[in-house]
There are 2 protein chains.
Amino acid sequence: MTPEQLFTALTPSPHDRKPLYLQVGDRLRDIIASGALKRGDAMPPERELADRIGVSRVTIRKAFEELVGAGILSQKPGAGTFVSGQIEQPFSILQSFSEDMRARGYEPGSIWLDKHVTRTSPDEAMALGIAPTARVMRLKRIRTANGQPMAVETAVISAHYLDDPDSVGNSFYAVLRQRDLLPVRALQRIRSRLAFVHEAELLHLDTPSAILDIERRSFLPDGRVLEVTFSSYRADLYDFVAELRTAGIPE
Amino acid sequence: MTPEQLFTALTPSPHDRKPLYLQVGDRLRDIIASGALKRGDAMPPERELADRIGVSRVTIRKAFEELVGAGILSQKPGAGTFVSGQIEQPFSILQSFSEDMRARGYEPGSIWLDKHVTRTSPDEAMALGIAPTARVMRLKRIRTANGQPMAVETAVISAHYLDDPDSVGNSFYAVLRQRDLLPVRALQRIRSRLAFVHEAELLHLDTPSAILDIERRSFLPDGRVLEVTFSSYRADLYDFVAELRTAGIPE
DNA sequence: GAGTGGTCTAGACCACGTG
DNA sequence: ACGTGGTCTAGACCACTCC
């Protein structure tokens with residue numbers, strides 16, 4: 001791809017109401033994903049790129065920033081900006097079971113085991129950061145992929161946020177989205193252990209079998225805990241992919 | 001903490017050669033970690049803060065940016081910037097086994113099983129992105145915590161980067177650091193399974209026992225794969241904590 | 001020395017939430 | 001209506017690499 005073609009392709013549209021840095025960044029991401037720019041290729045200097053596509057250098061830097069963070073570009077002071085190559089998709093992205101399964105090419109499903117409002121347990125109160133006397137809604141179901149049992153999942157959410165069991169259909173997250181309760185980050189603790197007998201039955205497993213246990217706490221933008229989910233996955237069918245980064249500050 | 005005290009505490013030192021936005025960001029992080037600012041507290045408006053500590057608003061925004069990304073601050077357009085509260089430490093941070101164990105309060109150790117240069121296997125060649133005929137260095141050892149076996153780990157690195165087994169003492173990463181081979185990100189795949197018999201012996205486990213399998217590929221800044229490590233942890237002693245975020249782009 | 005990314009400034013306009 | 005964060009500009013200086 002010639003520099004001229006790159007300038008044309010990256011020039012933002014005045015009709016698009018998206019921020020300039022997002023337009024430029026998204027287009028560049030697409031170009032690299034398409035293979036038109038390969039690993040090791042040098043980007044034009046920030047100043048030249050800014051001039052040619054009619055934005056300021058600060059805007060270019062902000063557009064680059066996200067791609068550098070994602071490992072798609074790398075920058076070297078005094079040298080330049082270079083393409084690192086396509087990135088494999090599986091980020092550590094917070095997604096629902098349904099999204100996760102669809103991304104893996106399975107059709108997600110659920111079998112409800114329990115769905116009601118009740119008194120919280122001490123563990124749950126601690127994890128949710130609520131009073132031990134508070135009430136919570138507990139949602140327990142078998143999660144399936146292409147009809148095959150994949151995990152047993154128990155989600156617990158403070159009744160303060162959600163207190164109508166009937167409002168929850170197959171997608172817990174859809175209800176949360178409706179109510180503007182969108183988690184922005186989550187912590188997951190991942191363990192491995194042997195399956196209990198009743199789990200083995202629910203998941204159609206022999207004994208002994210290994211279980212991948214995932215405990216997730218998801219957080220609202222202001223830092224409060226929205227919900228806690230305990231999931232037990234069939235280890236023979238599921239793996240978990242995480243992306244790690246080096247601690248931000250050099251030295 | 002009064003606004004006046006905050007302004008004083010955040011005013012960067014002219015003698016410090018660190019970038020202003022890092023000085024401000026680090027100080028603010030410390031202040032919040034110390035508890036002087038609590039969850040829900042409002043930060044002064046960006047413009048006022050910039051004025052009072054003598055930097056530009058852009059610099060304040062860049063200082064805030066990192067803390068917002070870390071979930072320590074949250075920003076709402078039209079409303080303000082607020083403290084989200086202290087963050088639990090366990091980020092998804094790329095760290096060596098030794099760092100990981102020390103962070104958990106254990107004293108790390110190693111027992112070498114194998115350390116030599118050899119022909120690569122097809123799987124390894126694929127994972128490392130090198131020719132199937134290339135040579136690699138393979139490092140296999142038992143990892144211990146307080147003297148107790150914790151994991152069996154096999155690290156594989158292209159002989160192009162490292163080809164002297166004797167150069168590797170107890171810290172693989174220390175050697176890499178010496179040679180300026182610093183990974184910036186890594187992908188981990190985490191699985192659970194039953195222990196093999198020989199593993200159970202090495203790790204002092206009964207059979208059947210569960211194993212937490214972690215495969216890590218770490219990447220250099222330019223996107224090349226530096227090394228691949230296969231680790232099998234005792235599930236009864238180890239868990240893995242990951243942090244997830246929502247996909248960056250809204251909608 | 002020329003060119004690069006890294007940092008920083010002092011403005012500006014916008015969309016939006018809050019009082 | 002006002003103040004907030006979100007975006008954007010057109011400059012500037014620095015430290016570093018080598019196009």
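First the proteins, then the strands, lettered A, B, ... as listed; each starts at 1.
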Interface with DNA chain D, restricted to residues 45-64 of chain A and to heavy atoms under 4.0 Å: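 Contacting residues: A:R47, A:G54, A:V55, A:S56, A:R57, A:V58, A:T59, A:K62.
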Do side-chain atoms of [X] reach the backbone of [Y] as a donor and acceptor pair under 3.5 angstrom?
| X | Y | value |
| --- | --- | --- |
| B:R39 | B:S84 | yes |
| B:D41 | B:K38 | yes |
| B:E66 | B:A63 | no |

For chain B, the stretch of DNA chain D it reaches, first to last nucleotide, under 4.0 Å of its heavy atoms: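 Both ends considered, the range comes out as D:dG3 to D:dT7.
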Along DNA chain D (nearest heavy atom to each residue), the more 5'-positioned of A:G78 and B:G78: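 Result: B:G78.
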Salt bridge check, A:R216 against A:E227: does any charged N sit closer than 4.0 Å to a carboxylate O?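 Looking at A:R216 together with A:E227, the answer is yes, because their closest N to O distance falls below 4.0 Å.
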Does any non-hydrogen side-chain atom of [Y] lie less than 4.5 Å from one of [X]?
| X | Y | result |
| --- | --- | --- |
| A:L176 | A:L226 | yes |
| B:E48 | B:F7 | yes |
| A:L10 | A:L28 | yes |

NA contact type, A:A79, heavy-atom cut-off 4.0 Å: base, sugar-phosphate, or nothing?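 If one applies the 4.0 Å heavy-atom cut-off, A:A79 turns out to touch a base.
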Supply the atom-to-atom distance A:L162 CG to A:I157 CD1, rounded to the nearest 0.5 angstrom.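 If I round to the nearest 0.5 Å, the distance is 5.0 Å.
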Nearest-angstrom distance from the residue atom CG of A:L67 to P of C:dG5: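 Whole-Å distance recorded here is 14 Å.
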